[in-house]
K.L.:
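Just dropping this structure here.
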Amino acid sequence: MIVLAGKRLLAMLLIMLVVSFILFSLFESDKMAVAGKVLGAYSSLEQRELWLTQNGYDAPFLERYLQWVGGALHGDFGNSLQYKVPVSELLADRLKNTGILTLVFFLIMIPLSLTLGVLAGMKEGSWLDRVISVVAVLTTSIPEFVTATFLTGVFVYSWHLLPGTSSMTGGFSWKELILPVMVLVIYDFGYVTRMTRASMAEVMTSQYIRTAVLKGLPYKRVIMRHALRNALIAPFTVIVLQLNWLLSGLVVVEVFFAYKGFGYLLVDAALFGDIYVIEACVLVAVFVAVFSQFISDIGYTLLNPRIRFS
Amino acid sequence: MSNTKALTPVLECKNVNISYYTRAGEIPAVIDFNLTLMPGESIGIVGESGCGKSTVALAIMNYMGKNGRVKSGQILFNGRDLQQMNDEELRRIRGSQISMVYQEPMASLNPSMKIGEQLIEVPLYHENVSEAEASQRAKEMLAAVRLPDPQRIMDAYPHQISGGQQQRVVIAMALLSKPALLLLDEPTTALDVTVEAGIVQLIKDISKQFGTSMIYISHNLGLILETCDRITVMYSGEAVESGSVQTVFNEMRHPYTRGLFASIPLPGTNKHSRPLVPIRGQLPLPQHRPQGCYFGPRCDFFQEGRCANKAGVHMQPVPNEDRHDVRCVRFEDIDWASHRPVGLSGEQADIGKVVLEVNHMKKYYSLKDASLMALIKGKKVQYVKANEDINLIAHEAETVAIVGESGCGKSTFAKVLMGLEEATAGEVKLNNVDISKLPVEQRKAQMVSLLQMVFQNPFDTLNPSHTVGSQIARVIKKFGIEQDPEKINQRVMELLDLVKLPRDFAKRRPRQLSGGQKQRIGIARAFAGRPSLVVADEPVSALDVSVQAAVTGLLTDIQRNLKTTLLFISHDLSVVRYVSDRIVVMYLGRIMEQGTTDEIFNPPYHPYTEALLSAIPIADTSVKKRHIVLEGELPSPVNPPSGCPFQTRCPRKIGAICEAQMPPLQQTDTGHAILCHIPLSELSKVEQVIQMDAA
Amino acid sequence: MSSSVKLEDEKAPVKREAGLKLFFKRLALIRESPVGMVGAALILFWVVMAVLAPVLPLYDPNAIMAPFQKIGAAAPDGGTFWLGTDHKGRDILSRIIWGAQKVLIWATFATFVAYVVGMLMGVLAGYKGGWADEIVSFIANIFLSFPFIILCIIIVATLGASGWTVVVAVTFASAPQIMRIVRGLVLDLKTRDYIFAAQTRGETPWYIMLVELLPNARGPLIVDACLRLGYTVVAIATLGFLGLGLPPPDPDWGLMLKEAVPLGAFAGHTMYLPAAALASLILGFNLLADGLREISLRD
């Protein structure tokens, strides 16, 4: 078990290393382009060369990479070209906002989709199962910005119930959080529901559930003690890996509702060519993805005695 | 058994019809089924796959899934109709008064719950007992099913114990509330032979000790004979014959029952003079059952007017016999005495030159040990000795069987022969060329064609994506036998003739073929390049008995005509006795004994062979058998015992020497070899395991 | 040879079917799944629209005419704006249909490329095992550790926005996932006896991989391909919406939405119509995949 965790951790580090190297080579191997981005398209060659020398860009590529990694480890990603403030400050603020959004989203999505999935999977083919399954396919088929369009149309333009942007200019507002969370939940709950349903349905047809029923256990006990534990292993991993998928949704939703989060920052930076911000954002995103994969692997082994003890 | 009329039966099935309802419509699975089970009695239900025997068990439990339903008739448990009960009443009966043991013990236990908790649930939910008392009873029951160290088992998860132990746990679970009726659905099919023998012994003891009535469902007539008082034979959803075990085994009246017995390799059958007689044709699909007698089209005594009548055929009592019923309109006309069915027989071909010679062959697998301890100790590689010091010789036209249980290394040996694995040491000479270090990619097409294989599982021996004909054609082309498409096609047709399948089968896809037909194609493919050696890895073990007989017959017939050497790998000693000239017995990677078939089946025996022989279920009332039940579990090949590999389970262990030293190979002049510390002279004094009455 | 073993006979009719015919016959099974039928109809509708785009009597999708025309408004040249016009005065119907063509072509092409790469990687890793597996799996893990949108942003930021960028992004993001699926299938399939049979007659690894293994993995892969086409459509539209997709002025559903949403308060149709088009196409792929899966589970 510890060996496994150690191995995974090592693999994680290796991946982060490779990713950071790829990233650095993509954005900073061409020094002139970097200087061009920083100083503007109309800067002269001399100006650029001077800037490169002053900022330590004359060092060999590998050395620069190591310095950059060292900086990144201390949270130093340089200054944003667009906002002229340290990237780390910008990032911390934006991550906090995205964190709030994500947390609220998970608090609603997890109980909702697990309950629906278990209910649907318990009796495969029942009307409840059909309704839940159809709703789940419909909602997962509609991408976030389309849902957002329809919801905005209804709640903002037609009924004037909710604000159409969530920039929170007047301080934190729950009201501005409703639409972004709603969009995310509507799009994402379907997938987890379907996974839970499939897993539950499979468990319900397994031979050990037959054994439990034919042992004369009450139905409630069969479900709660025998089925759920086995049925929730798969959805657990899916939910943790959701973090990775969720990011796309976050980017879209934050851009759509002008919510000042991490995703918005990233797109903004990409459109502006703010390379230091892009680098930092990508590193953070990949770290979250890799780390959630790690948690999911470890969790899976912990939940599954068959693997845990062998 | 005779005067039980005054008692209420434990279970009574009255004219039960069970159907499954699918998109294609209603599919009758069980038709007009009757059964009466008296207290303390045990009934065996026997039949080939698809005959409806498991459906009967699930219907008794009233657990049919959403598609199945008892359409008509009654299933009475102690006089009460199970179909009429509500959910709560059913729940109270299930697990406490009727309980069940399943085919696959591993799948039947919840993987994420400790065994103890799964056991104590039974008394907790059926009787008003405290957890401590339930736990105590669970431990006692584990001891009663002869599991060592009950506390350890209670704390274990299912995957931490062996298959045999799992099945004992399931049996213990079933017995915990002292049920009146125990249903056993193929309880030993998934287990090794010697483990099976232990479970069968346990089941016999249970019925004596607890007086539980039992229904034992099996495809194996021998097991029914060992465990049951009465038997019901099913065919295509119907019971065709029922009666006491003695009557049905000695004076069977239904042609299907007859056919079944004629197709199993009992002691006394012989491939040269007294061959098996398969039942022709195949089981009709439920939608295509014929009118009248379902067995009609396959029956030698079929009469158009009488057997195919619209009214159907009903069970009728055999006159002057007690509780013996037959579903056959002609059972009184048939003169069994003058009926002499003919099987596929032929003269023994002359055993020729040496084709295969294996000398001191070893195959080790390295196993990476990823545990922390191994990392610290720096001992990272462990070896699995899959094959150790294998020596054997096979001649032209000879059949050599390799027998052993799972993990004995028989499949590894086949892989080395086929060139899928390289031998670690030693020689494997085919026609005097050493191929032990020659992987199949480096062998020439001609050499590859000389050494071919028939595989175990008919369901994946053929590639489902390609037609049967193209798969055989590929072999012919690959081996360079023919290049011209016309000639290849011609050869495919000849091969289909050889395995007695219609020529238009070439255009079919594997899913349009039955298991037996697929296995025939597998044989055709193996013989396409006129091989000198064919390895058959459990070629019939996944088939039904009547089909087994046909495929075995075909295989031996082709082999005889083409003078091929056949290496027959199997765990089933009855089939092995029937087909082979010589037998090699393996245990944990080593050859424990080898000799001619007669030598293996008669003393001196290796103690392991002795146990294996005693574990064969034999469906013949005239055969007497000694019962030897091996203690302990099959050791893992990763961690073999010191000294003699068999010492941990050997009933004839003589002492410390068995644990300390590898036994010597004792050999007679005829080549009969036994790996044991006990001198041959002493092993010769042992009584015969299988004795036939005045045979 | 004596002959008491009689020929086994089966009533199943023997049909010889060419590969393509068989494929369509299997495809026709979709009739048995109502859900799948709805999906197939939706896709068929958009495919027909896309194919017919050049011959339909449509306005030039980029022609600037009267802005913010309502649904069914009369066009200056005497025709009709069946679905109105957008903020720049371009015909929405024409833009939606041409947009369908564009998204379908790029999505299909990108998915196809991702499949070719992913299948080869998967078969190689699954069948060869050992080092090949470890290397391929490591590469796949690298790309899987990038969230899809991040990968797209990086690729667009380095290569610039174009259809080809989309193809590259989808390949990098999808191929590792396809590789994992194929690898899993192959690991299962390679223990089958017919693979051993092929090995024991000395077939080359490539023959085994391509002829013996891959055809048997097609069932789950067809379902996955269908789902993946849907994802790819979403991805292309999302990039368009973020302003990172196919460059303007050519019609792109995502971009149409991006431009329409801020004006949705007074010209709702400019925003609802492309949204509905997009939702219906993706729904079509998901429903068809569901139907196919349902049917494959039945047999």
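In what follows, every chain begins at residue 1, and chains take the letters A, B, ... in the order their sequences are listed. Values below: all heavy atoms of this structure, side chains included; hydrogens, waters and symmetry mates excluded.
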K.L.:
Report the option among C:V156, C:V35, C:I282 that has the most heavy-atom pairs separated by less than 4.5 Å from atoms of chain A.
P.N.:
C:I282

K.L.:
Go through the structure and list residues passing ring pair (Phe, Tyr, Trp, His ring centres under 6.0 Å) with A:F27, not counting sequence neighbours.
P.N.:
none

K.L.:
Just to verify, what does C:W98 make a ring pair (Phe, Tyr, Trp, His ring centres under 6.0 Å) with, not counting sequence neighbours?
P.N.:
none

K.L.:
Between A:I142, A:V18, A:T165, which has the largest tally of heavy atom pairs under 4.5 Å with chain C?
P.N.:
A:V18

K.L.:
For the pair C:R183 and C:D133, find out whether any cationic side-chain nitrogen is under 4.0 Å from an anionic carboxylate oxygen.
P.N.:
yes

K.L.:
Please look at C:A237 and chain A and tell me whether the side chain, the backbone, both or neither of the residue comes under 4.5 angstrom of a heavy atom of that chain.
P.N.:
both

K.L.:
With a 4.0 Å cut-off on N to O distance, would you call A:D297 and A:K7 a salt bridge?
P.N.:
no

K.L.:
Could you work out, with ring pair (Phe, Tyr, Trp, His ring centres under 6.0 Å) as the rule, every residue matching A:F150, not counting sequence neighbours?
P.N.:
C:Y272

K.L.:
Show the numbers, then the answer: is there a side chain to side chain donor-acceptor pair (under 3.5 Å) between A:W68 and A:S20?
P.N.:
CA-CA 10 Å; A:W68 175 74; A:S20 63; over 6 Å; no

K.L.:
Below 4.5 Å from any heavy atom of chain A, which atoms of C:F285 appear? Answer side chain, backbone, both or neither.
P.N.:
neither

K.L.:
Under 4.5 Å heavy-atom distance to chain A, tell me which part of C:P262 shows up: side chain, backbone, both or neither.
P.N.:
backbone

K.L.:
Tell me if the centroids of the rings in C:F148 and C:Y231 come within less than 6.0 Å of each other.
P.N.:
no

K.L.:
Ignoring hydrogens and angles, state whether a donor on the side chain of C:Q177 or C:R228 is under 3.5 Å from an acceptor on the partner side chain.
P.N.:
yes

K.L.:
Could you have a look at A:V137, A:L247, A:T149 and say which one has the most heavy-atom pairs with chain C under 4.5 angstrom?
P.N.:
A:T149

K.L.:
Report which part of C:L283 has an atom under 4.5 Å of a heavy atom belonging to chain A: side chain, backbone, both, or neither.
P.N.:
both

K.L.:
At a 4.5 Å cut-off on heavy atoms, which part of C:F241 comes close to chain A: side chain, backbone, both, or neither?
P.N.:
side chain

K.L.:
Counting only non-hydrogen atoms closer than 4.5 Å, does A:I275 touch chain C with its backbone (N, CA, C, O), its side chain (CB onward), both, or neither?
P.N.:
neither

K.L.:
Quick one: what part of C:L242 sits under 4.5 Å from any heavy atom of chain A, side chain, backbone, both or neither?
P.N.:
both

K.L.:
Could you tell me whether a side-chain N or O of C:T111 sits under 3.5 Å from a main-chain N or O of C:A107, the two making a donor and an acceptor?
P.N.:
yes

K.L.:
Between A:E254 and A:R94, is there a side-chain N and carboxylate O pair less than 4.0 Å apart?
P.N.:
no

K.L.:
Let me know if A:L23 has heavy atoms under 4.5 Å from chain C in its side chain, its backbone, both or neither.
P.N.:
side chain

K.L.:
Does the pair A:F145 and A:F256 meet the rule for a ring pair (Phe, Tyr, Trp, His ring centres under 6.0 Å), with working shown?
P.N.:
CA-CA 7 Å; A:F145 58 97; A:F256 194 101; 8.0 Å; no

K.L.:
Report which part of A:R130 has an atom under 4.5 Å of a heavy atom belonging to chain C: side chain, backbone, both, or neither.
P.N.:
neither

K.L.:
Is the distance from the ring center of C:W106 to that of C:W253 below 6.0 Å?
P.N.:
no

K.L.:
Chain C contacts: which residues in residues 267-274 of chain A have a non-hydrogen atom closer than 4.5 Å to it?
P.N.:
A:V267, A:A270, A:L271

K.L.:
Report the option among C:T238, C:L244, C:L151, C:L144 that has the most heavy-atom pairs separated by less than 4.5 Å from atoms of chain A.
P.N.:
C:T238

K.L.:
Looking at chain A, which one of C:I153, C:I142, C:V234, C:N141 has the largest number of heavy-atom pairs inside 4.5 Å, strictly under?
P.N.:
C:I142

K.L.:
In terms of side-chain geometry, is the basic nitrogen of A:R197 or A:D129 positioned less than 4.0 Å from the acidic oxygen of its partner?
P.N.:
yes

